Amino acid sequence: MSDPVRALESLRQQFEQDLASAGTESDLRALRDKYLSRKGGLISGLLKSLGAAPAGDRPRLGQLANAAKEHIERVLGERIEAAAEARPPRGAVDVTLPGRTPAIGHRHPLSLLRERIEAIFTRLGFLVIEGPELEDDYHNFEALNMPPEHPARDMQDTLYLQSPVRSLAGMAATLLRTHTSGMQIRYMEQHQPPVRLIAPGRVYRRDQFDLTHTPMFTQVEGLVVGEGVSLADLKGTLTTFARELFGESRRVRLRPSFFPYTEPSAELDISCAACDGTGRVAPKPDSNSPGEGGCAMCKRTGWIEVLGSGMVHPAVFEAVGFDAERYTGFAFGMGIERIALLKWGVEDIRLFYENDLRFLEQFRP
């Protein structure tokens, strides 16, 4: 064999290099197998090769080889033991790993829209009031010019309670309110004009849960009462609101309608954003349809209905003791879910209630 002393020195140098590059406990154990394994280990191979050395040199070479083996065993044993002690317990968290960014929640899109609507009317000087969702027949119907057997009651499709519930005011609540207009009556019973308020809150009707209807939704009713309040004030207020919410470029119109507690009554329409009020839209670039097509959003009319409104009926003033000869006023009402459909171009109202984060996360404030 070649010079065994030089071979031993070369082996020790190689071991020191391998040891310097071993960074983990598994690396150290692999290194132990490489040098100290009985079958195939470098030390074992070297010891076997000493049999070919001259008989007079074997004792000294054997001592050198055993010293190298003991050195490697001691160093590896110490390093493996230290690595085992530093090993984290099972299931421990490695605090050196980068942390996961937590998902930050935000308010529901309907809550964001309600806050936006409230902010607009608050800036216009309106008071925001809230009231009970369990209501009595008088405040929900009779005081709003809908006496018993009035056909307009059928429009509400009311959910009645199985048994009356005595309210704090002492009146028996018999139904889930169908609108928040009852709060207008309650406020006027306690306050004299001038009145300027909105009443947001949940209302309930016996509707099917489909693309555009839900048995529970959020409504905002508004009321202004004072001397000399006119239809022009109504249109100016609602025009300001519509342009604040939908954009300055939107056109506004009042269209005649009917509500039992307002006379005259009107629907507020805004120009359709999808077709810019023309009722027609250009075909998509990949479409085979020639020319322009009808706008599906506004059904080719160029206008979209937003809310109902009108001048307060004198019978409502009589119910709360206001002088109908002295005071006039206007009222309006809107469903926040419908406003959300129009503002964001959502086609299915159920998406707001299904708690699908993929949908809700699109409406960050």
Side-chain angles (χ1 to χ4, degrees), residues 1-113 115-116 284-286 340 344-348 350-365:
M1 62 174 296
S2 58
D3 186 355
V5 176
R6 183 175 297 177
L8 278 169
E9 184 61 29
S10 176
L11 184 67
R12 291 190 63 147
Q13 292 178 359
Q14 180 183 350
F15 169 72
E16 296 297 336
Q17 293 176 358
D18 290 343
L19 183 65
S21 62
T24 65
E25 183 180 354
S26 61
D27 292 340
L28 293 170
R29 294 185 182 279
L31 197 60
R32 184 175 61 183
D33 292 339
K34 176 181 178 181
Y35 283 89
L36 302 176
S37 175
R38 292 185 177 182
K39 293 183 179 181
L42 296 181
I43 292 295
S44 299
L46 182 61
L47 290 173
K48 292 179 181 179
S49 67
L50 294 180
D57 296 336
R58 291 175 190 172
R60 184 173 64 88
L61 294 175
Q63 291 178 353
L64 293 175
N66 287 328
K69 178 181 179 182
E70 291 174 358
H71 171 73
I72 293 174
E73 287 178 338
R74 178 177 55 79
V75 172
L76 285 176
E78 292 174 352
R79 290 285 299 271
I80 291 174
E81 183 179 355
E85 291 178 353
R87 186 192 310 156
R90 184 181 299 274
V93 176
D94 186 353
V95 296
T96 65
L97 293 175
R100 296 186 180 94
T101 303
I104 304 299
H106 58 83
R107 293 185 300 284
H108 192 277
L110 295 181
S111 298
L112 294 174
L113 185 55
E115 292 172 5
R116 173 65 175 148
K284 296 180 180 179
D286 57 350
W344 291 314
V346 179
E347 297 182 353
D348 191 341
R350 293 171 292 190
L351 292 172
F352 290 110
Y353 294 100
E354 292 176 347
N355 296 325
D356 188 337
L357 291 179
R358 296 170 299 177
F359 173 77
L360 298 178
E361 286 177 345
Q362 302 177 61
F363 302 92
R364 291 184 177 274

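Numbers here are sequence positions counted from 1. What you see is a predicted model, and the numbers here were worked out from it, not measured in a lab.
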### Task
Give a yes or no on this: more than 12 heavy atoms of other residues, nucleotides or ligands lie within 6.0 Å of atom CD of Glu347.
no

### Query
With respect to Val75, which candidate in Leu19, Leu28, Ile80 satisfies the side chain to side chain contact (heavy atoms under 4.5 Å, CB included) definition?
Leu19

### Query
To the nearest 0.5 Å, how far apart are CD in Gln13 and CD in Gln17?
7.0 Å

### Query
How would you list, by chain and number, every residue that makes a salt bridge (charged side-chain N to carboxylate O under 4.0 Å, His left out) with Asp356, sequence neighbours excluded?
Arg358

### Message
Rounded to the nearest 0.5 Å, what separates atom CZ in Arg32 from atom CD1 in Ile72?
### Response
13.0 Å

### Summary
By side-chain contact (heavy atoms from CB on, under 4.5 Å), Ser21 pairs with (sequence neighbours left out) none

## Note on the structure
Sorted by chain and number, sequence neighbours left out, ring-ring contact (aromatic ring centres under 6.0 Å, His included) with Phe15 holds for Tyr35

### Task
Check salt bridge (charged side-chain N to carboxylate O under 4.0 Å, His left out) between Asp18 and all other residues, then give those that pass, not counting sequence neighbours.
Lys34

Return all side-chain donor-acceptor pairs below 3.5 angstrom for residues 64-71, not counting sequence neighbours, or 'none' if the list is empty.
| unit_1 | atom_1 | unit_2 | atom_2 | d |
| --- | --- | --- | --- | --- |
| Asn66 | ND2 | Gly62 | O | 3.1 |
| His71 | ND1 | Arg74 | NH2 | 3.2 |
| His71 | NE2 | Glu16 | OE2 | 3.2 |

Would you tabulate the side-chain donor-acceptor contacts of residues 101-110 under 3.5 Å, counting partners in other chains and residues two or more places apart, or write 'none'?
| unit_1 | atom_1 | unit_2 | atom_2 | d |
| --- | --- | --- | --- | --- |
| Arg107 | NE | Glu115 | OE1 | 3.1 |
| Arg107 | NE | Glu115 | OE2 | 3.1 |
| Arg107 | NH2 | Glu115 | OE1 | 3.3 |
| His108 | ND1 | Leu110 | N | 3.1 |
| His108 | NE2 | Phe352 | O | 2.7 |

### Message
How close do Ala83 and Glu25 get, counting heavy atoms only, and between which atoms?
### Response
CB-CB, 3.9 Å

### Residues that Ala20 engages under side-chain contact (heavy atoms from CB on, under 4.5 Å), provided they are two or more places apart
none

#### Entry: Shortest non-hydrogen contact between Leu112 and Phe363, atoms and distance
CD1-O, 3.1 Å

## Note on the structure
The side-chain contact (heavy atoms from CB on, under 4.5 Å) partners of Glu361 (sequence neighbours excluded) come to Leu357, Arg364

### Message
According to salt bridge (charged side-chain N to carboxylate O under 4.0 Å, His left out), who are the partners of Arg350, at least two apart in sequence or on a separate chain?
### Response
Asp348

#### Entry: Where at least one partner belongs to residues 75-86, residue pairs that pass side-chain hydrogen bond (donor to acceptor under 3.5 Å, both in side chains), sequence neighbours excluded
none

